[in-house]
Amino acid sequence: MLEDAKKMGPDRTRKGSQEPAAPDRSRFQALREEISRLLPEAMLRDSYRVREKLAQILSSSLPRRNPAKATDLLLRLKQQLEESAEEKRARHRKKPRLSYPNELPITRYRQEIIRAIKENRVIIVSGETGCGKSTQLPKMCLEAGRGLAGKIACTQPRRIAAMTIAMRIAEELDQPLGKTVGYKIRFQDRTSPEAYIKILTDGMLLAETQGDRLLTEYDTIIIDEAHERSLNIDFLIGLCRRLLEKRPELKMIITSATLEVEKFLKAFDNPPLFKVSGRLYPVEVMYFEPESLPKKKEEPDYVDLAVQAVDFIKKEKQTGDILVFMPTEQDILETCHRLQGKHYPDSVILPLFARMPAHQQKQIYHIKQGKIVVATNVAETSLTIPGIRYVIDTGLARISQYQSSSGIHSLPILPISKASAEQRKGRCGRVSSGLCLRLYSEEDYRSRPDHTPPEIQRSNLAEVILRMLDLELGHPLKFPFLDPPPARAVADGYRTLLELGAIEKSESGYELTGLGRKMARLPLDPRLSRMLLEAANRDCLEEVSIIAAALSIQDPRLRPLERAADADRVQSIFQHPESDFLTFYNLWQALQNTIQGQASSPNLKKFARDYFLSYNRLREWLFVHEQISEILEEQKIRAKTGMPKVSDSELYSAIHRSILSGFISHLAAHKEKNLYEVARGQEAMLWPGSALFKKPPSWVLAAELVRTNRLYLRTVARINPAWAEELAPHLCQYSYLDPYWDKGQGEVRAKERVTIFNLIIISNRDVPFGNQDPARAHEIFVEEALIKHQLESEFPFLEYNQQIISQIKLLEEKLRQRNILVPEQHLFDFYSGRLHGVYNLKGLEQRIRNAGSDDFLRLKEENLYLFRPAKELLEGYPDSVRILGHTYQLKYRF
DNA sequence: TAGGGTTTT
């Protein structure tokens, strides 16, 4: 690294440099050399920064124009480097003493791993949970000499893990938390500048790239639990692959569960791999197949099977806690109910899922023995339940998927992958030997995919693309992702950003608009950012930022199993009859009244308890709202202090128009009962928890459109569909029906129909038709206005023409035949040829004015005959006759 | 008539 830095310093900057004139030259030159010498001694952060500044100075005209000033700048850079070099030496001196717990499996590999870190840029460590990799690897990096020129970053997928791992290492090093080892998660930074090791969420490290694209704060990056393959992890790994090219001194460690390492080996060019076993006790696997059960009339479902599997364990009279994996909350309730009916002695049956009140979740730690925990996937990675000896695995989970074709998010129940099944199996056997009962056949297991598809292949990519554009990382299909996202999903992500007005097409592809640039600064889904920016223009930023914050966190409203009705009743006082968004707003008002703006208020806990709300999520909501407000303030995005809203309905309209700007494709038109038609003709049902469920309005917008057992509209509000046209005319399709000549207005008009995503938002709007279809309008004009003579004002040429035509028509009546006057087509061609492109009264007048007279529109009588009846013939049809001295006018009628 | 789990400038 030292060599590299020396090389890069002066070499890169020599080109284009403009040397100052002597006598300053020698002083200037000396400083340059001094800086080059100091660059590798300094902290990476400063070294990169100084190098950049030096390059700027040298490529400018300053050294020639103002040698004294240039020399002064260089002197300052040199001083910065000296201070930085001292900082680095101090880090060296103060390096903490390290020790490793002997009982951890990874400790045995210590020497080898340290050597590998020294000799390689990337290493991969695969190991099961409990092998100690998360806590020991950062220390090994330190021992290998890392963490001096920059910190050692270690990422975690979950905040709670980042905190506990940091605390654990600090404890092992006998240092106060934050000093040598700290953690940084959203809303909480517990690291001092002199820290050596920083544990942070992967999302947080990703966030840091915005301020420091090369992540020069770190000389080593450990990406822990990389096998989880979240969007953040995949994005981070892609970034790091690029960083390794740009930063020759950077080192990385990727850690992963055993099954998943192949992809990482390939992506990083076969780095050294360490396999660390973490299993302390063996786990036996039994395939608890339907065949091995007493046959019933119907195929038993997985709840049945699970109950039988628990029975099986209980009958063997073995002791030890049981963990059952179920795909859904409902299955958990049913399973718990059925198990309770069995009245097992000394057993406690505990449901467990993320949306449960925290104090109920905590029971899994309080009950020491005889527990049967029935859980969702939350127990697969996020929560570790102590004392589990038996795992019962249905082999199923709800797995989120995003269909780019329909733009709809779904949560189907799907068979889990082999990797996931292994992870579930690993949840027992931590304290003694374990048993894993799989409620499917071994053949079924073997036929399953190795891994769950990474999140990047089943997500909406709008946010990723927005960030990539902001960080100038190029096109997602050219970015070094471990697995590229599907091209179709990328296209859909771009489409969503176009829909939101965040990007526009340019010659070289897409680029951010001003709006998009602002959206990228907000730590929110682009849809939520979009609605905030709209709210600033509509003077309801305060209200919408509360709503956006609510939509970005998990719903703070809880529904405890046994008290669901109570919760519904208590929470109903917040309900707004027309808008679930305003329900959040009402809840916020009540919250503020209670805590008076203090998140630390002791009243918050009581408020949460009284209204069945999650204390943690309420705090999260407060923090997110605060964070959003700060960023908006920094970006100088403020509500226009325009006119105050004079009515509730104006405020309602402003708020919901703003929300709609982010969710324009989530419009829905009422069909019947609780059913709505959504984009592209699909049918969706209101979420039963919505305040609108009992009185569905004719149009709603939904913040969520999600398919579980059916397609639901969740978090909805009444809207006026005309708002959609106003917000997104570029997405509307216009069609025109029944064009007609409007004599009074002197123009052709039609009934306009406006659709968006195939939903008719406006029908029968009377509008001018000429601009839409000039050719058709012209035809109608000629036929109706001229040929049928339907004009309000008088035109001499029309009177004239009409007269001639009447005369010829009279002949037809007399001779009782219809083939004397030329067909109407002739008249049409006559007018059309002379009034090309004219379709209204104004146009007609203009043409006549331009021509100086209306002669060109006067018909020539001789041209109007198909055949000219002989004079003699006509004499037989006089206009009048005299009979007995009286003259009678004759009228002829055919 | 009822949603698996995370994370963020």
Side-chain angles (χ1 to χ4, degrees), chain A residues 155-162 184-187 200-213 225 228-236 325-333 352-356 375-383 394 396-401 409-414 416 420 423 452 455 459 463-464 466-467 470-471 517-526 528-529 549 552-555 557 559 561 564 568 620 623-624 627-628 630-632 634-635 673-675 685-690 693-694 696 704-715:
Chain A
T155 71
Q156 289 298 319
R158 280 162 289 279
R159 291 188 221 171
I160 187 126
K184 187 178 176 192
I185 57 178
R186 194 181 190 184
F187 310 124
L200 69 178
T201 49
D202 32 40
M204 187 50 94
L205 187 61
L206 212 45
E208 287 188 353
T209 58
Q210 192 152 52
D212 177 10
R213 304 225 171 155
E225 316 282 3
E228 288 194 19
R229 302 293 309 277
S230 67
L231 219 42
N232 280 344
I233 288 172
D234 274 18
F235 196 1
L236 202 50
F325 282 102
M326 280 286 160
T328 74
E329 280 185 33
Q330 268 200 327
D331 293 327
I332 291 175
L333 298 190
L352 179 68
F353 46 87
R355 226 172 61 86
M356 230 168 64
T376 59
N377 250 0
V378 73
E380 193 179 301
T381 46
S382 304
L383 287 173
T394 54
L396 297 168
R398 273 202 199 274
I399 295 173
S400 94
Q401 286 184 333
H409 178 219
S410 60
L411 278 168
I413 298 168
L414 293 174
I416 58 169
S420 194
Q423 176 76 18
T452 312
E455 209 173 58
S459 309
E463 192 174 354
V464 172
L466 183 68
R467 280 209 227 174
D470 188 48
L471 294 170
R517 179 96 33 215
K518 288 178 185 165
M519 284 163 65
R521 303 287 145 184
L522 289 159
L524 293 171
D525 182 276
L528 300 181
S529 310
S552 81
I553 58 164
Q554 291 163 309
D555 192 337
R557 290 168 295 181
R559 251 181 132 228
L561 305 168
D568 288 349
E620 185 95 353
F623 292 143
V624 173
Q627 189 184 28
I628 292 173
E630 279 167 13
I631 295 168
L632 290 173
E634 273 165 33
Q635 305 270 311
K673 291 196 287 191
N674 300 301
L675 299 177
M685 197 180 93
L686 284 185
W687 182 258
S690 166
F693 191 79
K694 292 206 177 90
E704 274 180 291
L705 205 49
V706 60
R707 188 185 298 281
T708 51
N709 55 343
R710 66 189 302 172
L711 188 57
Y712 287 105
L713 293 157
R714 203 158 181 259
T715 317

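Model, not experiment: these values are computed from the prediction. A note on names: the letters A, B, ... follow the listed sequences, proteins ahead of strands, and every chain is numbered from 1. The basis for the numbers below is simple: all heavy atoms, side chains too, and nothing from hydrogens, waters or symmetry mates.
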Engineer: Would you indicate what A:E208 reaches in the nucleic acid, counting non-hydrogen atoms under 4.0 angstrom: base, sugar-phosphate, or nothing?
Structural biologist: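 Answer is base: heavy atoms of A:E208 come under 4.0 Å of a base.
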Engineer: Without decimals, in angstroms, what is the distance between A:L675 CG and B:dA2 P?
Structural biologist: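 Answer to the nearest Å: 13 Å.
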Engineer: Across the strands shown, which category fits A:A520 at heavy-atom distances under 4.0 angstrom: base, sugar-phosphate, nothing?
Structural biologist: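 Since a base atom lies under 4.0 Å of A:A520, the category is base.
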Engineer: What nucleic acid atoms does A:L206 come within less than 4.0 Å of, heavy atoms only: base, sugar-phosphate, or nothing?
Structural biologist: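 Base contact - A:L206 has a heavy atom under 4.0 Å of at least one base atom.
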Engineer: My understanding is that only residues two or more places apart in sequence, or in another chain, count here; which of them pass ring-ring contact (aromatic ring centres under 6.0 Å, His included) with A:F693?
Structural biologist: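 A:F693: no ring-ring contact (aromatic ring centres under 6.0 Å, His included) contacts found.
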Engineer: Apply ring-ring contact (aromatic ring centres under 6.0 Å, His included) to A:Y712 and list each qualifying residue two or more places apart in sequence or on a separate chain.
Structural biologist: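 If we apply the ring-ring contact (aromatic ring centres under 6.0 Å, His included) test to A:Y712, skipping adjacent residues, the hits are A:W687.
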Engineer: Counting heavy atoms not belonging to A:L414, are there more than 12 under 6.0 Å from its CG?
Structural biologist: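 Yes - once you tally the heavy atoms of other residues, nucleotides and ligands closer than 6.0 Å, there are more than 12.
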Engineer: At under 4.0 Å between heavy atoms, how does the protein contact nucleotides 3-8 of chain B? Give one character per nucleotide, 5' to 3', with B, S or -.
Structural biologist: BBBBSB
Engineer: Test of understanding: with side-chain hydrogen bond (donor to acceptor under 3.5 Å, both in side chains), list the residues that count as partners of A:D202, not counting sequence neighbours.
Structural biologist: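 Per chain and number, A:D202 pairs via side-chain hydrogen bond (donor to acceptor under 3.5 Å, both in side chains) with no residue.
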Engineer: Looking at residues at least two apart in the chain, or sitting in another chain, which of them share a salt bridge (Lys or Arg N to Asp or Glu O under 4.0 Å) with A:D470?
Structural biologist: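 A:D470 satisfies salt bridge (Lys or Arg N to Asp or Glu O under 4.0 Å) with A:R517, A:R521 once adjacent residues are dropped.
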Engineer: In this structure, how many angstroms lie between the P atom of B:dA2 and the CG atom of A:L686, rounded?
Structural biologist: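 Rounding to the nearest Å, CG of A:L686 and P of B:dA2 are 13 Å apart.
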Engineer: Would you please name every residue forming a salt bridge (Lys or Arg N to Asp or Glu O under 4.0 Å) with A:R557, sequence neighbours left out?
Structural biologist: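 In terms of salt bridge (Lys or Arg N to Asp or Glu O under 4.0 Å), with neighbours along the sequence ignored, A:R557 is linked to A:D555.
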